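One structure, as structure tokens, below. Some questions next.
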Amino acid sequence: MRPVSRVARVVAASLCASLALLPAPVPAAATPSVGAVFPTLARNLVAYYDFEHPVRGRPELERDQGRSGTDLWLVNGGAEMRIRDRGGHALVTRQVDPATAGNDDWKAGVYAADGVPTLRAFNGARQISVLGWFKVTGELPALNSTTPAPDDRYNAVGLAGVLSGDSDGHAVRALLEVIDVAGELRVVALGRRVDGASSQTFAASADWREVLPRGRWVHLAATFDFDTGEMALYRNGRPLPGTYTVAGDPWAVTGPPEPDRASPTDPAGIKIGGSFPQDTLERNPCDCRMDGLMFLDRAVSPVEVWAQYHWSRS
């Protein structure tokens, strides 16, 4: 891992001292470093994957560097899904055979129908954040392998998220993805407070290809506050303007009891690069590279998102 830069150290000192820093310049050509977690995030880092830590004797598993110890399954591709990039290793996810309704897509995750006990921090969570580095490498959205039409494409691209407690491998509690919003693809934060109930989506206003240009590493973050009903998106440390797609109160946060929290159930797992991490179905694959994936049990502040972006790219 490269040493933390002077800029990142200054940002860290300023934030830790006052939580009121000003943006510091970073050279445009800087390369993200590997395994970098901004200090104020460490306590709430439930799961973290830098793809530098295969489980000994089980290279198809990635060791969790967060506090939960939730090791990640590299589905179908195993150790081949770790490739050299960003000064170390990154994860590759991709569609393998768009013409066949099979179960061979490269994705990652963990799944248990009755809930994953190590992810209990998200049981009844008041807030969640999902952050990471993403690089689109293929034409997206991918061709739909579940329909007979040869040119039919999925309406979404899976990035990374925490499943709901009753999930079949698709439904989520907190998710970063690209999805069709009123006929246009948008990068979104999609959250569900109550298992089986309505979700809310906060969609970036910009075209998704502006947010995630092909062949370029981009840092994304999504935050979910189940008590206030607020969500936010960030790109390269800065807030992404956007809108909520569901009117009213889909999370049912108005009125008692307070505070409002997610369902008191352990998440069924984590999904990365597509749905159904148990490898029973294919849905919304991402021809992408990913790194530094972080899942936290609180909403990261805007200044911390800015700091984490700089801390992990230096």
Side-chain angles (χ1 to χ4, degrees), residues 37 41-51 53-78 81 91 93 103 105-132 158-177 189-197 199 222-224 226 261-286 290 292-300:
V37 177
L41 305 186
R43 181 177 179 180
N44 296 96
L45 193 60
V46 178
Y48 173 53
Y49 307 102
D50 61 6
F51 305 102
H53 297 88
V55 173
R56 181 174 296 182
R58 298 286 305 278
E60 75 279 10
L61 297 178
E62 176 68 19
R63 182 74 71 190
D64 179 11
Q65 300 302 298
R67 73 173 195 259
S68 73
T70 307
D71 294 341
L72 196 70
W73 181 28
L74 308 188
V75 182
N76 291 314
M81 295 172 64
L91 175 74
T93 61
N103 291 315
D105 287 349
W106 286 14
K107 52 193 172 184
V110 58
Y111 181 82
D114 295 330
V116 177
T118 56
L119 296 176
R120 190 150 295 161
F122 299 122
N123 181 322
R126 188 171 174 175
Q127 301 175 334
I128 295 177
S129 294
V130 180
L131 302 84
L159 296 176
V162 178
L163 299 177
S164 59
D166 62 349
S167 181
D168 61 352
H170 184 67
V172 293
R173 189 163 286 170
L175 175 70
L176 261 172
E177 73 170 345
L190 190 153
R192 177 177 288 101
R193 186 177 75 84
V194 178
D195 291 353
S199 64
T223 62
F224 307 80
F226 297 121
R261 298 180 181 272
S263 290
T265 55
D266 295 342
I270 288 172
K271 66 175 184 178
I272 295 167
S275 291
F276 304 103
Q278 70 271 43
D279 205 26
T280 56
L281 290 171
E282 294 178 342
R283 196 78 82 247
N284 304 335
C286 184
M290 306 181 189
L293 300 181
M294 310 173 72
F295 303 86
L296 298 97
D297 61 354
R298 70 171 173 86
V300 179

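Quick caveat, the model's predicted, so the values are computed rather than measured.
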Hits for side chain to side chain donor-acceptor pair (under 3.5 Å) against Ser68, two or more places apart or cross-chain, chain-then-number order -> Asp64, Thr70
Between Leu175 and Val130, is any pair of side-chain heavy atoms under 4.5 Å apart? no
Return the NZ to CG distance between Lys107 and Leu91, rounded to the nearest 0.5 Å. 13.0 Å
Report the C-alpha separation of Asp71 and Val55 in whole Å, then their side-chain angles, then the decisive distance to 0.1 Å, and conclude whether the side chain to side chain contact (heavy atoms under 4.5 Å, CB included) test is met. CA-CA 8 Å; Asp71 294 341; Val55 173; 3.7 Å; yes
Nearest-0.5 Å distance that lies between atom CZ in Phe224 and atom CZ in Arg298: 15.0 Å
Under the 3.5 angstrom rule, does the side chain of Tyr111 hit a backbone N or O of Val116 as a donor-acceptor pair? no
Determine, for Arg67 against Asp297, whether the closest basic-nitrogen to carboxylate-oxygen distance falls under 4.0 angstrom. yes
Rounded at 0.5 Å granularity, tell me how far CG in Asp266 sits from CG in Asp114. 10.0 Å
Any side-chain heavy atom of His170 sitting closer than 4.5 Å to one from Lys271? yes
Arg126 side-chain N/O to Phe226 backbone N/O, donor-acceptor pair under 3.5 Å: no
Rounded to the nearest 0.5 Å, the CG atom of Leu74 sits from the CD atom of Glu62 at a distance of 6.5 Å
Which distance, rounded to the nearest 0.5 Å, do you find between the CG of Asp105 and the CZ of Arg283? 10.5 Å
Can you find a heavy atom in the side chain of Tyr49 that is under 4.5 Å from one in the side chain of Gln65? no
Which value, rounded to the nearest 0.5 Å, describes the distance between Met294 atom CE and Ser129 atom OG? 9.5 Å
Donor-acceptor contact present, side-chain Gln127 to main-chain Ala299, <3.5 Å: yes
With the side chain counted from C-beta on, respond yes when Ile270 and Leu163 share a heavy-atom pair under 4.5 Å apart, and no when they do not. no
Quick one: does Pro277's side chain get under 4.5 Å of Asp279's, heavy atoms only? no
For Leu176, run the side chain to side chain contact (heavy atoms under 4.5 Å, CB included) check against Leu159, Ile272, Leu190, Leu293 and tell me which one passes. Leu159
If I compare all heavy atoms of Ala125 with all of Ala121, which pair ends up nearest, and what's the gap? CB-O, 3.9 Å
Are any side-chain N or O atoms of Arg193 and backbone N or O atoms of Arg261, one a donor and one an acceptor, separated by less than 3.5 Å? yes
Working note: Leu72 + Phe51, criterion side chain to side chain contact (heavy atoms under 4.5 Å, CB included); need CA distance, chi angles, decisive distance, verdict. CA-CA 10 Å; Leu72 196 70; Phe51 305 102; 3.9 Å; yes
Backbone N or O of Gly273 within a donor-acceptor pair of the Glu177 side chain at under 3.5 Å? no
Can you name the residues that form a side-chain contact (heavy atoms from CB on, under 4.5 Å) with Asp195, not counting sequence neighbours? Ser164, Asp166, Arg173, Ser263, Thr265
For the backbone of Val300 and the side chain of Thr223, can you confirm whether one donor and one acceptor N or O come within less than 3.5 Å of each other? no
With side chains defined as the heavy atoms from C-beta onward, is the minimum distance between Trp106 and Val75 less than 4.5 Å? no
Side chains of Val162 and Phe122: closer than 4.5 Å at any heavy-atom pair? yes
In the structure I gave you, are the side-chain heavy atoms of Glu60 and Trp73 within less than 4.5 Å of one another anywhere? yes
